[in-house]
Amino acid sequence: SILMQPLVDGLLSLWGGVKTQDATIKKNFNMRVAYLWSIHDFPAYGNFSGWSTHGRLACPVCLCDSKAFRLHNGRKACWFDCHRRFLPIDHEFRSQANAFRKNTVVHDEPPRHLSGEEVLAQINISVADTDNFGILHNWTHLSCFWQLPYFHKLLLRHNIDVMHNEKNMGEAIWNTCFDVPEKTKDNAKARRDLAQICNRPSLHLKLKPNGKWDKPGSPFCINKNDKPIILKWFQELKFPDGYAANIRRGVNLTSRKIFGLKSHDYHIFMERLLPVAFCGFLPENIWMCLAELSFFYRQLCAKELNHDTICSLEQQVVVLICKMEKIFPPGFFNPMQHLIVHLPYEARLGGPVQARWNYPFERKIQQLRKKVRNRARVEGCIVEAELVEEATNHLSLYFKPSVRSVRNKIPRYDDGTCTFESSCNLQIFQYLGRCISPRGVRALSTEEYEAAFLYVLTNMPEMDEHFK
């Protein structure tokens with residue numbers, strides 16, 4: 001709150017209005033600025049909101065009304081079987097006693113979304129109650145943003161970052177289905193917790209005659225003979241230019257892993273590659289569940305959102321997570337898996353996720369990090385580099401068009417083309433090119449001529465009017 005207080009003071013003065021000049025009409029007007037929402041990763045969510053994102057009450061949307069519990073062997077908070085309460089009251093999953101927890105039927109209602117006044121009243125009561133921190137509440141402090149006169153009226157004050165949520169979900173699915181050592185959610189501790197919580201005797205650890213424990217194979221784990229097939233498919237995978245990173249360079253067939261995957265790589269994996277990569281290697285019901293999860297993220301991350309689609313996603317995502325709970329062990333469900341339930345609701349309030357996730361800010365931070373030459377003077381390096389960049393951008397306006405500058409960059413793929421005077425005025429023949437094979441003259445066949453003629457006609461802007 002101390003670090004954010006100057007920002008809040010600025011927002012308070014801007015809410016009252018400041019005199020600003022409109023350069024187009026050369027007149028002053030009273031400009032007002034309002035806080036819309038905050039965008040950050042999950043740990044920073046707790047710093048901004050005042051609700052700690054650790055422990056059993058980590059969900060900042062459910063707040064105190066959370067059904068999470070602590071695993072005895074895994075020693076971490078778990079949200080297993082906490083989502084049947086979000087289903088309709090007459091849904092069949094609610095009455096299935098042994099499909100989730102042992103002998104458990106759910107009749108609870110979902111947690112209620114509190115208004116701003118109710119949240120503020122809860123903070124004022126709970127902040128001083130340190131004895132019940134982590135038991136009845138997770139409030140650590142009163143955020144300075146509550147000083148804004150309109151903050152309690154906002155329906156969406158902080159955003160759950162879809163970028164990190166998608167990355168963590170993709171990483172968990174890959175490591176668990178590939179049974180990656182030290183990273184899988186289906187380890188020995190998870191099997192012991194599963195034996196205590198669930199009624200799945202086929203997955204319980206079994207004691208061998210030599211005194212060692214045997215871990216039976218899971219239906220959601222890919223067979224070891226099929227793993228090289230999937231990895232070889234990733235090695236041969238190609239994307240259009242600029243669509244995704246070169247994932248195949250991180251494939252290691254010896255260790256049967258893929259190294260160096262970034263957040264955007266998991267974004268592509270979850271929305272495009274997951275259903276294709278695992279098709280035929282998992283049981284039909286498990287593959288269908290993962291394919292539905294992939295389609296959910298694809299609809300959620302669309303550039304345009306339909307109100308009916310978002311309302312449908314709010315209902316479908318609960319059933320989807322319940323299906324996953326019937327497949328994966330309790331240790332699989334950490335806070336990130338639970339937060340998926342709230343993503344469609346926030347999309348309904350805030351709109352497309354492209355304006356509410358961390359990708360543009362992470363890329364900007366990467367650009368600023370490259371400008372730092374003296375780590376003892378980080379801010380000074382950034383300011384000096386920004387001034388140089390601003391001056392060069394301004395001076396480049398006075399250069400000739402033929403001079404290479406910021407506004408006239410070398411093409412991404414410069415193959416050393418040569419310019420020539422073309423006697424044809426059609427736009428399709430104005431692009432520069434370079435011969436990549438020995439020069440010569442060859443007569444085209446009828447099929448080649450027709451294919452080339454059709455390509456020219458369909459790619460000429462001059463023919464657009466005729467096609468209409």
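Throughout, numbering of the chain's residues begins at 1 and tracks the sequence. Note that this is a predicted model, so its numbers are computed, not measured.
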- Determine, step by step, whether Thr20 and Phe29 satisfy the side chain to side chain contact (heavy atoms under 4.5 Å, CB included) criterion, reporting the C-alpha distance in whole Å, the side-chain angles of both residues, the deciding distance to 0.1 Å, and the verdict. CA-CA 5 Å; Thr20 309; Phe29 68 98; 4.0 Å; yes
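- Aromatic pair Tyr45/His40: centroids less than 6.0 angstrom apart.
- Summarising the geometry of Val353 relative to Cys301, their closest heavy-atom pair is CG2-CA, 3.7 Å, with the distance given to 0.1 Å.
- The number of heavy-atom neighbours closer than 6.0 Å to OH of Tyr150, taken from other residues, nucleotides and ligands shown, is above 12.
- Using a cut-off of 4.0 Å between Lys/Arg side-chain N and Asp/Glu carboxylate O, Lys67 and Asp108 are scored as salt-bridged.
- With respect to Asp179 and Arg256, no salt bridge is recorded, no charged nitrogen being found less than 4.0 Å from a carboxylate O.
- A salt bridge does not link Glu362 to Arg369: none of the charged nitrogens lies less than 4.0 Å from a carboxylate oxygen.
- With hydrogens and angles ignored, the 3.5 Å screen pairs no side-chain donor or acceptor of Ser52 with any backbone N or O of Asn138.
- Taking each heavy atom of Leu231 and Asn252 in turn, the nearest pair found is CD1-O, 4.1 Å.
- Residues Lys326 and Gln96 have side chains that bring a donor and an acceptor to within less than 3.5 angstrom of each other.
- One N or O on the side chain of Asn306 and one on the backbone of Asp308 form a donor-acceptor pair closer than 3.5 Å.
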- Might you work through the salt bridge (Lys or Arg N to Asp or Glu O under 4.0 Å) test for Glu118 and Arg112, ending with a clear yes or no? CA-CA 11 Å; Glu118 292 174 324; Arg112 185 173 61 89; 3.3 Å; yes
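- The cationic atom of Arg101 (NZ for Lys, CZ for Arg) lies less than 6.0 Å from the six-membered ring centre of Phe69 and within 45° of the ring axis.
- The existence of a salt bridge linking Lys371 and Glu389 is confirmed by a sub-4.0 Å separation between a basic side-chain nitrogen and an acidic carboxylate oxygen.
- Asp193 places no side-chain N or O within 3.5 Å of a backbone atom of Leu71 that could act as its donor or acceptor partner.
- Distance alone, capped at 3.5 Å, places no donor-acceptor pair between the Arg85 side chain and the Val106 backbone.
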- Query: side chain to side chain donor-acceptor pair (under 3.5 Å) between Ser218 and Arg191: does it pass, once the steps are laid out?
  - Reply: CA-CA 10 Å; Ser218 304; Arg191 291 296 181 95; 2.4 Å; yes
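- At least one donor-acceptor pair closer than 3.5 Å links the side chain of Asn165 to the backbone N or O of Met336.
- In this view, Glu171 and Lys167 satisfy the side-chain hydrogen bond (donor to acceptor under 3.5 Å, both in side chains) rule, not counting sequence neighbours.
- In summary, Glu236 and Arg248 do not engage in a salt bridge, as defined by a charged side-chain N under 4.0 Å from a carboxylate O.
- No donor-acceptor distance shorter than 3.5 angstrom exists from the side chain of Thr184 to the backbone of Pro181, with no hydrogens or angles considered.
- Remark: the backbone N or O of Cys381 is not paired with any side-chain donor or acceptor of Arg373 at under 3.5 angstrom.
- In this structure a side-chain-to-backbone donor-acceptor pair under 3.5 Å is present from His137 to Asp129.
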- Query: Can Gln316 and Glu292 be said to form a side chain to side chain donor-acceptor pair (under 3.5 Å), step by step?
  - Reply: CA-CA 9 Å; Gln316 295 174 5; Glu292 290 177 10; over 6 Å; no
- Check the pair Phe93, Lys323 against side chain to side chain contact (heavy atoms under 4.5 Å, CB included), reporting the backbone distance first and the verdict last. CA-CA 9 Å; Phe93 284 175; Lys323 290 180 180 179; 4.3 Å; yes
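- Between Tyr35 and Trp15, the distance from one ring center to the other does not fall under 6.0 angstrom.
- Donor-acceptor pairing under 3.5 Å is recorded for the side chains of Asp22 and Thr24.
- Judged purely by distance below 3.5 Å, without hydrogens or angles, the side chains of Ser49 and His158 never pair a donor atom with an acceptor atom.
- Across every non-hydrogen atom of Phe80 and Arg200, the tightest pair is CZ-NH2, 3.9 Å.
- Applying the side-chain hydrogen bond (donor to acceptor under 3.5 Å, both in side chains) rule to Asp41 yields no partners; only residues at least two apart in sequence or on another chain are considered.
- For Ile173 against Met270, the heavy-atom pair with the smallest separation is CD1-CE, 4.2 Å.
- Not one N or O on the side chain of Arg70 forms a donor-acceptor pair closer than 3.5 Å with the backbone of Ala77.
- Proximity of a side-chain donor or acceptor of Ser126 to a complementary backbone N or O of Gln122 within less than 3.5 Å is detected.
- For Phe151 and Trp146, the ring centers are positioned less than 6.0 Å apart.
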